[in-house]
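Counting starts at 1 for both ligands and their atoms, in listed order.
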Amino acid sequence: MSELTQSPTWQALTDHFEQIKPLHMRDMFDKDPNRFEKFSVRSSGILLDYSKNRITSETMTLLTDLARSCQVEEIRDRMFAGAHINSTEDRAVFHVALRNRSERPMMVDGKDVMPDVRRVLNKMRRFSEDVRKGHWRGITGRHIKTVVNIGIGGSDLGVIMALQSMRSYQRDDLSPRFISNVDSSHLMETLRDLDPETTLFIVASKTFSTQETMLNATSARSWLVKRLGREAVRKHFVAVSTNKKRVHDFGIDTDYMFPFWDWVGGRYSTWSAIGLAIALVIGMDKFEEMLEGGYAMDEHFRTTPLENNMPVIMALLGVWYSNFFGWSTHAVLPYDQYLTRFPQFLQQMDMESNGKRIDLQGRPVDYTTGPIIFGHAGTNAQHSFFQLLHQGSWNVSMDFIGVANNHHPLREHQTILLSNFLAQTKALMRGKTEAEVRKELSAKGMPPAKIDMLAPHRTFPGNKPTNSLVLPLVTPFTIGQLIALYEHKVFVQGVIWNINSFDQWGVELGKELARDLTPKLTGEVPIMGEDSSTEGLLNYMKRLKKEFI
Ligand code: G6Q
């Protein structure tokens, strides 16, 4: 057994779980009218109501003890102090420096990184303002109307999510597009109706060596050169990367390379120059408001006692369901159309960070780690997978994200949206007993035999836990808060599970494997040494490819 599962706090939680297991939240709410007051916290305008969870005050005390015994506070402070907590890559984990809005120095390896951070922010400001004001123009003198971000994974998902969330801040004459998949359909469909004279490409890649991004960038460059000539590249291509040499070799003027640093992990890089598309499309002031939101959450996380610390509470509840109830899945359900991409963004942030089975000492863990994350915007999701959440045989813990106000003045829509949000979390908590179903059906005059037949199907067990996060409005500031909230939640869970949340060897493996198979598919090298399935598939695909080309 590991130190974690043997620890007295873990053992105490295991015992406590037996007491909590039979309790129903419906009864807990009936007995205690102060549950909401007891189990809700606020941070700079965001509310977390976690009262609809299968917890008592004792549960929270024990979970907080667990966090303390796992040194969450100490390791959090080490992250903010620039320590190399990404041990397998021997790097600091310092995305918090990117949104440090104070005068505090942020030290890594004895150097304050803030002057560099501010220099790049100023460069982003100058460039984005030039483009937005029309001082930077395409090679033929026309204004830029479309910004195409070419990147994948951490160099794509956060930027798409943020821009989708902040779409209401977008001007009509400057819009973003994204190319990530190496499938040429993505490139071709994105470029299909674009005018090269008014298009600006951002090649966004930390390493500037990711196969998909480099091929997409090369094909996009050919598309441009074919239409406007080689000279056009310097007016229509900029880069975001940590690798100056590769940017230069690709043919992009390094004066228009926006750098960041190895202490920024890909999935934590939206705050860095990777967010250049955000600055271009909604303006640098709005980008900096997003940084302010991230900073506000950092300060909350850094300074609030664990008992009232929003990311810590969310992390501990996740541990409670994953490790003690044994549930493997967590759903994130935003009730705001602008946040539709948020669950997908979180999938990477959480599953790539905590999808690990080896602890920091190199041993396999004997407990479950990061859950499977999925989700979609309500109310649409209510008409698809919510059935399983209410009545399925799997249990899923859930975050509902509600937004009090809307950018659009159709109040009736907002009222119905919020009613659905409230109704779902209430129904998931309370359920509907068989007695209630019978009473309801007989009040409608249904014959007893039919009631007998229908009652079990129309009964809802309830006791399904939900967190309710409530934002005042989707703004750059609240988006910043929300992203940082989940980043810190994932961090705290990684600390408790004693894993490295900041490497991604599984992703690296994918990058290597495809490289080896490419020449076998093109026929440059013979198909040898593969297992029979891979060999069979290779041969079959090669045959089909020939037939269809
Ligand atoms: C993120 C991952 C991964 C990465 C992409 C793109 O944390 O490491 O999703 O962001 O593989 O990498 P580049 O930015 O180097 O192209």
Side-chain angles (χ1 to χ4, degrees), residues 79 85-96 98 120 148-162 178-183 186-187 201-221 237-250 252 257-278 341 343-356 370 373 483-484 486-491 493-494 499-515:
M79 171 172 77
I85 61 168
N86 175 355
S87 52
T88 57
E89 296 181 312
D90 191 17
R91 285 177 185 166
V93 172
F94 219 32
H95 44 277
V96 289
L98 300 167
V120 176
V148 181
N149 191 78
I150 303 179
I152 196 165
S155 300
D156 170 63
L157 288 164
V159 186
I160 299 192
M161 182 277 293
F178 299 87
I179 302 174
S180 50
N181 198 337
V182 74
D183 181 341
H186 201 182
L187 179 98
F201 293 94
I202 303 174
V203 186
S205 173
K206 182 174 171 180
T207 53
F208 231 70
S209 62
T210 304
Q211 199 183 31
E212 293 96 321
T213 300
M214 296 330 294
L215 186 54
N216 277 327
T218 306
S219 300
R221 187 180 55 189
F237 269 81
V238 297
V240 181
S241 186
T242 57
N243 197 325
K244 199 167 179 175
K245 180 170 182 316
R246 282 179 188 269
V247 170
H248 174 262
D249 292 349
F250 181 85
I252 294 178
M257 167 183 154
F258 297 81
F260 62 114
W261 307 274
D262 73 354
W263 42 260
V264 184
R267 53 196 172 277
Y268 299 93
S269 64
T270 314
W271 315 96
S272 73
I274 287 289
L276 182 63
I278 305 173
R341 296 289 299 230
Q344 200 181 353
F345 165 70
L346 276 189
Q347 264 175 345
Q348 179 191 27
M349 187 210 288
D350 198 319
M351 293 165 76
E352 199 167 292
S353 297
N354 286 343
K356 313 282 163 66
I373 304 285
I483 303 173
Y486 278 92
E487 284 178 354
H488 295 319
K489 173 200 163 181
V490 166
F491 168 84
Q493 293 189 328
I499 53 178
N500 184 358
S501 304
F502 301 102
D503 60 10
Q504 56 283 313
W505 300 107
V507 179
E508 311 297 337
L509 174 73
K511 292 187 181 184
E512 281 161 31
L513 289 180
R515 251 183 235 130

When rounded to the nearest 0.5 angstrom, what is the spacing between CD in Q348 and CG in L157? 5.0 Å

How long is the straight-line distance from CG of L346 back to CD of E487, given to the nearest 0.5 Å? 10.0 Å

Please assess S241 against R246 for the test side-chain hydrogen bond (donor to acceptor under 3.5 Å, both in side chains), listing each intermediate value before the final yes or no. CA-CA 9 Å; S241 186; R246 282 179 188 269; over 6 Å; no

Using heavy atoms and a strict 4.0 Å limit, residues surrounding ligand 1 turn out to be I152, G153, G154, S155, S205, K206, T207, T210, G266, R267, Q348, E352, Q504, K511

Residues passing the side chain to side chain donor-acceptor pair (under 3.5 Å) test with Q493, sequence neighbours excluded, are none

Return the orientation label for the H95 and Y268 ring planes: parallel under 30°, perpendicular over 60°, tilted otherwise. parallel

With rounding to the nearest 0.5 angstrom, report the OG to CG distance, S180 to N216. 7.5 Å

